[in-house]
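Heavy-atom basis, side chains included; hydrogens, waters and symmetry copies ignored.
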Amino acid sequence: MASSSSSSSSSSPPPPPRRSVFDAAYIRAEFAAAGISPHFIPLIWKYVLQNPRCGDLDAVPSLPAAAYALLRQKFQPTTSTLTTAAESKDRTTTKLLIRLKLQFDLNLVTLLSDNKHNGESVEAVIMRYDTRLGKYDGKPRPGGVRSTLCVSSQVGCKMGCRFCATGTMGFKSNLSSGEIVEQLVHASRYSQIRNVVFMGMGEPLNNYTALVEAIQVLIGSPFQLSPKRITVSTVGIIHSINKFNNDLPNINLAVSLHAPDQDIRCHIMPAARAFPLVKLMNALQSYQNESKQTIFIEYIMLDGVNDQEQHAHQLGKLLEMFKAVVNLIPFNPIGSSNNFKTSSEHNVKKFQKILRGIYNIRTTIRQQMGQDIAGACGQLVVSLPDERSAGGATLLSDIEDIRI
């Protein structure tokens, strides 16, 4: 009998792990099933945000007894762990390495091979700016020091952009909405976050449901981020762009265009084959007509590939019917095996001058930040050194929350 009991016990599937309290849909569903008011959920989030190292949820004040019991059984403050923080030498950039826990399917207790993180990690980057160092219409901008958090939406990425380090990882898994929100919780230990940009690891619109749920949490209590200070970047997932304004009104949309024609786009961004440029631009026009939002165009400058004068004219003509801001991005090195080179400063400024002067398109050049910790644009891949700098801070001018 003892042998039979032991055999039965060993064959029993493990219980599902406790979920993050920031998995909004899940915690709301569990509270509803237990007859607990959802109004208590923001109180729980506020407590964890203010106490990011808390080990349990028993100390959350003013909850009904049934809520404490449910939290002990099915939830934990965070399911990810901040393992390392690397600070750039100028102290304007901090790159966070965040380790994820195994994920289980919600409806099954068995671990699914295509729905687990397997102890993977993602990266998030805090960038600090001083708005007073920038100018608008030739005049100094008001404000002061503020921080932008660049968050990841997936482990790896299936888009395979040839100039991006994350693309070399391939696609591993989607993050849950809670794991996306937890990046802000971890970052809040280092800086008060004012803006959030979905420009980290992964293609956000390929993890659409979790993206929408996470943003809805971020613009509500207790985070209270303004929708105008959240930007989602995409390579151009057309079917998701078509519903973006309805699901996420007033959220900024940035498009990683990177080339003015389909051939060059396909050469440097293989996924562009699935999203022809003509159809993408039609989708963006429909989006802008409906939302009245400015569209941010990201354009990486690759020497001899897409940075010539004719490319600037092609891009200007492509965007002349749009209300758009172009952000020119100097290419950041991602390893010796990559064949791309950074455009010269002369070519970048000439490109900007053509777009501004001839096509009247507002065009900015992205400040390079965090290269020494591989935290710059296109460099996010899990290979974070354990280093902190005690050097003096040199704050940069504002580049992320451009307002028209």
Side-chain angles (χ1 to χ4, degrees), residues 127 129-143 146 148 150 194-199 226-236 241 244-245 250-261 265 277 280-302 306-331 343-369 377-378 396-404:
M127 299 165 287
Y129 304 95
D130 190 338
T131 59
R132 295 166 296 187
L133 299 180
K135 291 186 176 181
Y136 184 77
D137 287 339
K139 300 177 183 178
R141 298 183 65 176
R146 56 109 178 125
T148 290
C150 178
R194 181 174 177 265
N195 294 347
V196 170
V197 294
F198 285 80
M199 299 181 182
S226 167
K228 295 180 179 180
R229 291 176 179 165
I230 298 176
T231 301
V232 175
S233 175
T234 176
V235 300
I241 291 173
F244 189 86
N245 182 63
N250 300 314
I251 300 296
N252 295 309
L253 180 65
V255 180
S256 296
L257 199 62
H258 301 315
D261 64 50
R265 251 192 134 226
L277 188 58
L280 172 58
M281 300 312 291
N282 287 339
L284 292 175
Q285 189 69 73
S286 296
Y287 162 79
Q288 188 161 76
N289 291 342
E290 179 185 349
S291 69
K292 312 303 180 188
Q293 293 267 107
T294 297
I295 296 174
F296 294 84
I297 300 296
E298 297 167 300
Y299 195 98
I300 194 162
M301 299 295 288
L302 301 173
N306 64 352
D307 67 339
Q308 303 301 299
E309 288 186 41
Q310 69 264 29
H311 300 134
H313 286 289
Q314 283 179 285
L315 183 61
K317 292 173 183 176
L318 187 67
L319 298 175
E320 59 186 352
M321 300 303 294
F322 287 85
K323 184 182 179 183
V325 173
V326 175
N327 190 207
L328 302 179
I329 307 171
F331 170 67
S343 298
S344 67
E345 184 177 355
H346 171 77
N347 280 2
V348 174
K349 289 187 174 180
K350 196 162 193 177
F351 204 100
Q352 180 189 43
K353 185 176 181 180
I354 291 172
L355 292 177
R356 280 180 168 179
I358 298 178
Y359 299 97
N360 197 31
I361 297 172
R362 188 170 182 199
T363 307
T364 63
I365 300 173
R366 182 170 295 183
Q367 298 274 10
Q368 292 179 294
M369 300 177 69
C377 181
L396 298 176
S397 58
D398 171 33
I399 63 169
E400 289 297 337
D401 61 339
I402 300 170
R403 289 287 161 261
I404 303 302

T148 and Y129: side chain to side chain contact (heavy atoms under 4.5 Å, CB included), yes or no, with the steps?
CA-CA 8 Å; T148 290; Y129 304 95; 3.9 Å; yes

If you apply the rule side chain to side chain contact (heavy atoms under 4.5 Å, CB included), what do you find for I230 with F198, and how did you get there?
CA-CA 8 Å; I230 298 176; F198 285 80; 4.0 Å; yes

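Residue S256 comes nearest to R265 through the heavy atom pair O-NH2, 3.0 Å, listed as atom of the first residue, atom of the second, then distance. Contact record, N306 with L302: OD1-N, 2.9 Å, taken as the closest heavy-atom pair. Shown here for C150 and M199, the closest heavy-atom pair between the two residues is SG-C, 3.3 Å. In terms of heavy atoms, F351 sits closest to L328 at CD2-CD2, 3.8 Å. The shortest heavy-atom contact between L355 and A312 is CD2-O, 3.4 Å. Between R229 and R194 the shortest heavy-atom distance is NH2-NH2, 2.8 Å.
Here the CD1 atom belonging to I354 is positioned 10.0 Å from the CD atom belonging to Q308, to the nearest 0.5 angstrom. Note that NE2 of H311 is 11.0 Å distant from CG of N347, once rounded to the nearest 0.5 Å. Interatomic distance, S291 OG to N252 CG, rounded to the nearest 0.5 Å: 10.0 Å. Annotation: the span from I241 atom CD1 to I295 atom CD1 amounts to 8.0 Å, rounded to 0.5 Å.
Residue N195 forms a side chain to side chain contact (heavy atoms under 4.5 Å, CB included) with just one option from M127, K228, R146, and that option is R146. Just one of K350, K353, Q314 meets the side-chain hydrogen bond (donor to acceptor under 3.5 Å, both in side chains) condition when paired with E309; it is K350.
A donor-acceptor pair is defined here as one N or O able to donate and one able to accept, closer than 3.5 Å; such a pair exists between the side chain of S343 and the backbone of M301. Using modelled atom types, no side-chain atom of E298 and backbone atom of I329 make a donor-acceptor pair closer than 3.5 Å.
Looking only at side-chain heavy atoms (C-beta outward), S233 and F296 stay at 4.5 Å or farther from each other. Side-chain contact between L257 and L280 is present, with at least one heavy-atom pair separated by less than 4.5 Å. Considering only heavy atoms from C-beta on, I361 stays 4.5 Å or farther from F322 through its side chain. The closest side-chain heavy-atom distance from L319 to M281 is below 4.5 Å. Between V348 and D307 the shortest side-chain heavy-atom distance does not fall below 4.5 Å. The shortest distance between side-chain heavy atoms of Q293 and N250 falls below 4.5 Å.
Side-chain contact annotation: R366 with T364, donor-acceptor N/O pair under 3.5 Å absent.
Annotation for N289: atom CG counts as buried by contact number, over 12 foreign heavy atoms lying within 6.0 Å. In this structure, Q285 places its CD atom where more than 12 heavy-atom neighbours from other residues, nucleotides or ligands lie under 6.0 Å away.
Between Y359 and H313, the two ring planes are perpendicular [angle over 60°; tilted spans 30° to 60°]. The aromatic rings of F244 and Y287 lie perpendicular to each other, with more than 60° between the two planes, well past the 30° mark.
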